[in-house]
Amino acid sequence: MSASGSWGHDALGKTEAALIEARRENLAALRAAGLDPFLQTRYPVDATAAELAARYAFLENGAAAEAEGWNLAGRLLSKRTMGKTIFADLEDRTGRLQLYVRRDRVGDDGFAAWQHCERGDVVGVRGTMFRSKMGELTLQVREFAVLAKALAPLPDKWSGLQDVEKRYRQRYVDLIVNPEVRDTMILRSRLIAEMRRFIDGHGFHEVETPTLLHVAGGAAARPFVTHVNALDQLMQLRIATELNLKRLIVGGMERVYEIGRIFRNEGIDTTHNPEFTMLELYAAYWNVDDMRAFNEDLIARLVDVATGGKTVLEYDGTAISFARPFRTVGYLEAIATHSAGRFTRERLLDPVGASGVLEALELPSSPTHGHALDKIFERVVEPHLVDPTFVIDYPVVISPLAKRKADDSELTDRYELFCANMEISNAFTELNDPDDQRARFEAQMRERASGDEEIPEPDWDYVRALEYGMPPTAGIGIGVDRLIMLLTGSRSIRDVLLFPLQRQHG
RNA sequence: GCGCCUUUAGCUCAGUCGGUAGAGCAGCGGACUUUUAAUCCGUUGGUCCCGGGUUCGAGUCCCGGAGGGCGCACCA
């Protein structure tokens, strides 16, 4: 970095350069006073803004509690100088606390040093608590240290950072000035922790399976391709964790789950990011109905945490009720209901009939029967699925890894949970008959050959694993980001991802 | 990939009919010992996203490009 304050990349405008230069002068002044911020290594924090707010809730306006002193550290978010006193707002990970600095308390040198502290700086303060005449809990500063100097100017203190492009590209700035962003990300973290706690409580083991695979299977999606130098081989980034987790079921681990990053080389929009987080969980000796009950328990628990004990969640202006039990409807029955009985089982389960339904809906033709069914369901039923709804009994043609229903071989023991028009979970009793699995992979190979590029190459070792015997098992996949969107009221997946994918600047 | 919208000071935003580039905040100088979007006085600051074109004259109109947002398409 040059002495002029250049960033080393984008050329700075004169205004910004002047702002940075002014901050560098303050840094130089602190150094001259022997208070170099960048020489500090630690600060003995013994309190947080939230703890102090709770502890001193009893203080009445104008009252002080001078017997106890506290060390607090955080970022200065505003500073109001009034002659020989300064008011400032300090923010730490728990919230904000007002600071009060008097020249007659910190001394002439200390007060002079405060002149060189500004919005954005990270400081550590020691002092005692009082409540101002206006009722604001405040720490009166006795001692302080500047722990880091902010050379770059922060966005407007009132408007924050609105420019969405800059918010995503410089998320650190967004997090500093837009408290709701940090609230959302922290809630995400808490919800995922709760998810783990809940699942662990049911005797599951969390595992990690490879991201780099020779054949990315377990879903229909275009994979990312990369090269492994050591092997001089092309590999794919996983598009699901399904097949490896079921190998662990074969191996006798019985209850396993993974919360992991999945990569799909497809579109980017408000509900899709090329890398996203998926929870997949498998339980030996459960069937799809056991899984449905587990799923409902899990979602209800997370809604409880997210709402602080309510069963109704506001999402995009709509109140969504998570009152139990969740609604259940058959896949074919739902399509029939929402088409006034026109699209019958007979039409839908016949490839030619399904094509006719696509035409009736003025949808483009589909490469495969399964693809057509997906399009039909998406158009006819999904817009109606606002409150949480289990859609059950999916046709076998769109469920290549699910077990057929005992009493209806064209349907599977599978459900998807929808909420706010989004698919939240996909679960089924796992197909464990290796011969049936091999036949379905062979059918997929024919569909792939006929032009559906999203259908993966079969993973034949997975069939071999089934030949060693997989117990009856139920599995579930949950799109964690979309679930978090729902639970945090976020309308875009980018608002629940810390660093959503953005195009490289030119 | 297609359509619509958007890009002006560090930030948030105005900018009329094509006629010298504006405000608030931040910054800088000054006053102020319970303020809190502190207040008051003064003040600096512009690659109007980029490149062409039309015009006496373009932030403004036209063409092309880039970034971003939304919708569609895609996405079990």
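In what follows, chains carry the letters A, B, and so on, assigned in the order in which the sequence lines appear, proteins first and then strands, with residues in each chain numbered from 1.
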Checklist entry - On a whole-Å scale, what distance lies between the C1' atoms belonging to B:G22 and B:G65? => result 29 Å
Checklist entry - Can you tell me how far P of B:G69 sits from CD of A:Q162, to the nearest Å? => result 15 Å
Checklist entry - Is a salt bridge present between A:K375 and A:E378, judged by a nitrogen-to-oxygen distance below 4.0 Å? => result yes
Next on the checklist: So if I take every side-chain heavy atom of A:N26 and compare against B:C28, B:A76, B:C70, which nucleotide ends up nearest?
Outcome noted: B:C28
Checklist entry - Does one side chain, of A:R292 or A:N295, offer a donor that lies under 3.5 Å from an acceptor on the other? => result no
Checklist entry - In whole Å, what is the span from the CD atom of A:E165 to the P atom of B:C11? => result 12 Å
Checklist entry - Separation of A:D156 atom CG from B:A9 atom P, in whole Å? => result 14 Å
Next on the checklist: Which residue is it: A:F390, A:F294, A:F326? I am looking for the one with a ring pair (Phe, Tyr, Trp, His ring centres under 6.0 Å) to A:Y415.
Outcome noted: A:F390
Checklist entry - B:U34 P sits how many Å from A:L139 CG, rounded? => result 18 Å
Checklist outcome for this item: The nucleotide from B:U33, B:U36, B:G27 with an atom nearest the side chain of A:S132 is B:U36
Checklist entry - If the P atom of B:A23 is compared with that of B:U35, how far apart are they to the nearest Å? => result 31 Å
Next on the checklist: Would you measure the distance from the C1' atom in B:C11 across to the matching atom in B:G1 and give it in whole Å?
Outcome noted: 35 Å
Item to check | hbond_proxy A:D269 side chain to B:G71 base (donor-acceptor, 3.5 Å cutoff) | outcome: no
Item to check | A:T128-A:R142 side chain donor-acceptor pair, cut-off 3.5 Å | outcome: yes
Checklist entry - Any donor-acceptor pair under 3.5 Å joining the side chain of A:Q98 to the base of B:U35? => result yes
Checklist outcome for this item: note: A:M82, atom CE; B:U39, atom C1'; distance rounded to Å ~ 8 Å
Checklist entry - Which nucleotide in the list B:C25, B:G27, B:C74 gets nearest to the side chain of A:R222? => result B:C74
Item to check | Rounded interatomic separation in angstrom, taking CD1 from A:I268 and C1' from B:C70 | outcome: 15 Å
Checklist entry - When we call it a touch if two heavy atoms are under 4.0 Å apart, what does A:R167 touch: a base, just sugar-phosphate, or nothing? => result nothing
Checklist entry - Taking atom C1' of B:U36 as reference, at what distance in whole Å does atom CZ of A:R96 sit? => result 11 Å
Next on the checklist: As a test of reading the structure: which of B:A76, B:G10, B:C25 is closest to the side chain of A:P153, going by heavy atoms?
Outcome noted: B:G10
Checklist entry - What nucleic acid atoms does A:K14 come within less than 4.0 Å of, heavy atoms only: base, sugar-phosphate, or nothing? => result sugar-phosphate
Next on the checklist: From the set B:U34, B:C25, B:A76, return the single nucleotide nearest to any side-chain atom of A:P400.
Outcome noted: B:A76
Checklist outcome for this item: Closest to the side chain of A:T138, out of B:U35, B:U34, B:G27, is B:U35
Checklist entry - Mind checking whether A:F130 and A:Y56 have ring centres under 6.0 Å apart? => result no
Item to check | A:R171 charged N/C atom sitting above A:F499 aromatic ring, 6.0 Å / 45° | outcome: no
Item to check | Earlier contact from the 5' end, RNA chain B, for A:G62 and A:A18 | outcome: A:A18
Checklist outcome for this item: Winner on side-chain proximity to A:T270, out of B:U35, B:C70, B:U34, is B:C70
Next on the checklist: At less than 3.5 Å, do the side-chain atoms of A:T85 and the base atoms of B:U34 form a donor-acceptor pair?
Outcome noted: no
Next on the checklist: Just to be sure I understand the rule, does A:G370 reach a base, reach only the sugar-phosphate, or reach nothing, if contact means heavy atoms closer than 4.0 Å?
Outcome noted: nothing
Next on the checklist: What is the distance, to the nearest angstrom, from the CD atom on A:E266 to the C1' atom on B:G1?
Outcome noted: 15 Å
Item to check | Closest nucleotide among B:A26, B:G69, B:U12 to the A:L161 side chain | outcome: B:U12
Checklist entry - Any side-chain donor-acceptor pair under 3.5 Å between A:T48 and A:D92? => result no
Next on the checklist: Looking at A:K375, I'd like to know whether one of its side-chain N or O atoms comes within less than 4.0 Å of OP1 or OP2 on B:C74.
Outcome noted: yes
Checklist entry - What interatomic distance, in whole Å, is found between C1' of B:C13 and the corresponding atom of B:G51? => result 27 Å
Item to check | Residue A:V164, side-chain heavy atoms: nucleotide from B:U36, B:U34, B:G69 that is nearest | outcome: B:G69
Checklist outcome for this item: Of B:U34, B:G27, B:U36, the nucleotide closest to the side chain of A:E136 is B:U36
